[in-house]
There are 2 protein chains.
Amino acid sequence: MTLKQLEAFYWAATCANFAMAAERLHLSTSSLSKRLVELEESVGVRLFDRTGHKAVLTVAGERFLPHAGALLQSAEATRRALGQDTGLSGRCLLGVGELCALTWLPRLLAHTRQHHPDLRLEPHVDIGRVLGERLRNGELDCAVIAGRSSHPSIVSHTIGQTHFAWVGSPSVVGRKAEYREKLFEEHPIVTLPTGAGTTKILDEWLMAKNLDVPHRLICNSWGAIAGLLIGGLGIGFLPEIWARSLARKGVLRVLRTEPSLAPLTYTLQRRRNDDRSFQPAILASVLASADFMTPPRLL
Amino acid sequence: MTLKQLEAFYWAATCANFAMAAERLHLSTSSLSKRLVELEESVGVRLFDRTGHKAVLTVAGERFLPHAGALLQSAEATRRALGQDTGLSGRCLLGVGELCALTWLPRLLAHTRQHHPDLRLEPHVDIGRVLGERLRNGELDCAVIAGRSSHPSIVSHTIGQTHFAWVGSPSVVGRKAEYREKLFEEHPIVTLPTGAGTTKILDEWLMAKNLDVPHRLICNSWGAIAGLLIGGLGIGFLPEIWARSLARKGVLRVLRTEPSLAPLTYTLQRRRNDDRSFQPAILASVLASADFMTPPRLL
DNA sequence: CGCGTTTACGCCTCACGTAAACATC
DNA sequence: GATGTTTACGTGAGGCGTAAACGCG
């Protein structure tokens, strides 16, 4: 039994399949497979049931997993006890929405680089639903996602709230920017694809208003959406701070609606059984640097 | 950092020198040395100070040792969590005096074999002083020794007491076997070499009696001593049970003395920082099988 | 047939022991 | 010179990736 085998087992058990675990370990799938077989031989117990389409933990494997995790953790602690660098090290794959990426992500990276120079924080930008899947799959270590996860294996730490406001260019909503239902019939709603956290509050709002929207202009980039809104290609919503900032510049008008869009609660999510030491540090850094949704420099 | 490296470090730090640690690990000294260098490279800290005649732990090494020990322990626990054999396994080198070896050691081995069939208990017979040294050196895992250890790194568990009685053949002490000081002047005392626990109580007794013994017949084997006593080559003492047994057979006489020989308290000793899981099991087995000093079959 | 895992194979690193060298007392 | 540790070196096992094969949906 070696630490490498335990590491392989931990990730193979945690990730969606061997290929993903292998990728996380910078290893070929075949080598990972062999390591796992060797571990099983060394402990004399089958840890994975390979009869089905994909390998799944046996009951022995389930029992083994927490032991393996604890052992790896204390190995890390032991390593660090001698590293004498008080800071953390390692690789943390962080999922964030584009909104976060455009706003406080640079601050987060600066913060962690300063406090934990050996911690390699690798951001991965995607919409919330995909981030959630990747997190469960083991492709990501943690992710900042709108809303709390309902998945039992995921724990969510609330880190902040963002308010959104409807906006449109003066050419679309008029100089006074008064709310009229007709606006939503005549102009497409420029929005992110389904699966983004912001799309959910849009749907809730539409449901509350009992509005039927003839067509949406779907774009997967907030930067592009802002540009489309400014260009008058539809109406949409932006973080309130962005909206006010752009309104001050005169390129957009804020549309007052009743009710207003529900605020979005962002959480830092991680797998429940992932107790690696960088997780609390990440949370601390996120909380320290996440005053939310300040307008990106490009606006 | 691998488990093998940690194991190498643990034993190198625990044993008197690298050669002994290597022997315990079934490894050549050179391989052990290389493993240690690799460990030091992997953690980036020198763990041994090699400037002197022998390698000695650096402060970093001292700090590291408990971590390494804990890690190895939880590795063992992890292994056992899957081995599903409730019993222990491994190799335990047990030091015992010859008196123990001749009496309850077979019972101890039978007991452990029955309760922990995978635990290889390897007895090493020698006099108490040598056992103590070997235990401190790391050549032994535990030892049954007369008296408590005064060494701070050794813990002693009391396991029983043995009483001794002076004996002599009828041809030496007479049919009535009455105590006379002259006996000790005219006949050599047949005894173990210095360093055996029993020799200590002899010296204490002689000091209390203020007796000067002209010469001792030193022999390193209790079986031979019993034979010498029976053969009338001197007087000596045996465990009380042996003495009575041999007296019943008529080959020896028990000599009543005032004061009587002090009883000898036996303890199971182990290194303080050795928390391997077989240690409590060994203690339990020793306590279960050590009703002391029943006469060996050969008498 | 796609996806996930294992097997086959060649490559190369790494860990071992023997033996010699080195260092300290 | 005795003891303790490291270096040199030849050997063999083991871990790696590529690519092909297998097996389940």
Side-chain angles (χ1 to χ4, degrees), chain A residues 1-58 60-61 64-65 72 130 133-134 136-139, chain B residues 1-43 45-58 60-61 64-65 72 75 130 133-134 136-139:
Chain A
M1 195 177 82
T2 71
L3 288 175
K4 286 190 172 190
Q5 287 170 356
L6 290 172
E7 204 175 17
F9 170 71
Y10 176 82
W11 285 106
T14 305
C15 293
N17 55 43
F18 286 9
M20 279 183 188
E23 195 175 327
R24 294 229 34 156
L25 291 163
H26 304 299
L27 208 65
S28 75
T29 315
S30 108
S31 297
L32 175 69
S33 168
K34 263 190 298 188
R35 266 195 201 170
L36 294 172
V37 170
E38 283 159 12
L39 175 61
E40 288 176 322
E41 282 168 356
S42 100
V43 300
V45 178
R46 286 188 76 74
L47 299 169
F48 287 97
D49 177 8
R50 296 156 167 93
T51 56
H53 178 49
K54 55 185 305 182
V56 59
L57 278 178
T58 62
F64 191 47
L65 182 53
L72 290 173
V130 175
E133 288 163 4
R134 297 249 159 101
R136 287 191 295 278
N137 282 349
E139 288 177 278
Chain B
M1 194 177 82
T2 71
L3 288 174
K4 286 190 171 189
Q5 287 170 356
L6 289 172
E7 205 176 17
F9 170 71
Y10 177 82
W11 285 107
T14 304
C15 293
N17 54 44
F18 287 7
M20 280 183 188
E23 196 175 328
R24 296 232 31 159
L25 291 163
H26 305 299
L27 207 65
S28 75
T29 316
S30 107
S31 297
L32 175 69
S33 168
K34 263 190 297 187
R35 269 197 198 168
L36 293 172
V37 170
E38 283 159 12
L39 175 60
E40 288 175 322
E41 283 169 354
S42 100
V43 300
V45 178
R46 285 189 78 75
L47 298 169
F48 288 96
D49 177 7
R50 296 156 167 91
T51 57
H53 177 46
K54 56 186 304 183
V56 60
L57 278 178
T58 62
F64 190 48
L65 182 53
L72 290 172
V130 175
E133 289 163 5
R134 297 250 158 99
R136 287 193 293 279
N137 282 347
E139 288 177 278

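Each chain gets a letter, A, B and so on, in the order the sequences are listed, and its residues count up from 1. The model shown is predicted, which means the values in this text are computed figures rather than measured ones.
- Taking atom CZ of residue A/F48 and atom C1' of nucleotide D/dG23, one finds them 18 Å apart after rounding to whole Å.
- Residues B/F64 and B/L39 are in side-chain contact: their nearest non-hydrogen atoms beyond the backbone lie under 4.5 Å apart.
- The aromatic rings of A/F48 and A/F18 stand perpendicular to each other, their planes meeting at an angle above 60°, with 30° marking the opposite boundary.
- Each of A/E38 and B/A16 lies near DNA chain D, and the nucleotide nearest B/A16 is the one positioned closer to the 5' end.
- Each of A/R35 and B/E40 was matched to the nucleotide of DNA chain D holding its nearest heavy atom; the match closer to the 5' end belongs to B/E40.
- In the interface, the side chain of B/S33 is not paired with the base of D/dT7 through any donor and acceptor atom under 3.5 Å apart.
- Checked against C/dT7, C/dT5, D/dG15, the side chain of A/S30 finds its nearest nucleotide in C/dT7.
- When the side-chain nitrogen and oxygen atoms of B/S31 are compared with OP1 and OP2 of C/dG17, one or more of them lie within a distance under 4.0 Å.
- Phosphate proximity of C/dT5 to A/T29: absent, as no side-chain N or O sits under 4.0 Å from OP1 or OP2.
- We find that CG of A/L25 is positioned 11 Å from P of D/dG17, with the value rounded to whole Å.
- Checked against C/dG17, C/dT5, D/dT5, the side chain of B/N17 finds its nearest nucleotide in D/dT5.
- Between the P atom of D/dG17 and the CD atom of A/E23 lies a distance of 13 Å, rounded to the nearest Å.
- The distance between atom NE2 of B/H26 and atom C1' of C/dG17, rounded to the nearest whole Å, is 16 Å.
- Under a 3.5 Å cut-off, the side chain of B/E38 and the backbone N or O of B/T2 do not form any donor-acceptor pair.
- Taking 3.5 Å as the limit, the base of C/dT24 and the side chain of B/T51 contain no donor-acceptor pair of atoms between them.
- The interatomic distance linking A/F18 (CZ) with D/dC24 (C1') rounds to 15 Å, in whole Å.
- The side chain of A/H53 has D/dC24 as its nearest neighbour among C/dT18, D/dC16, D/dC24.
- Side-chain atoms of A/T14 never come within 3.5 Å of backbone atoms of A/G138 as a donor-acceptor pair (strictly under, hydrogens ignored).
- The two residues A/L27 and A/S31 make their nearest non-hydrogen contact at CG-CB, 3.9 Å.
- Rounded to a whole Å, the NZ atom of A/K4 is 11 Å from the C1' atom of C/dT13.
- With rounding to whole Å, B/L47 atom CG is found 16 Å from D/dT5 atom C1'.
- Computed from coordinates, the B/L39 CG to C/dC14 P distance equals 16 Å when rounded to whole Å.
- Between the side chain of A/K34 and the base of D/dG17, a donor-acceptor pair under 3.5 Å is found.
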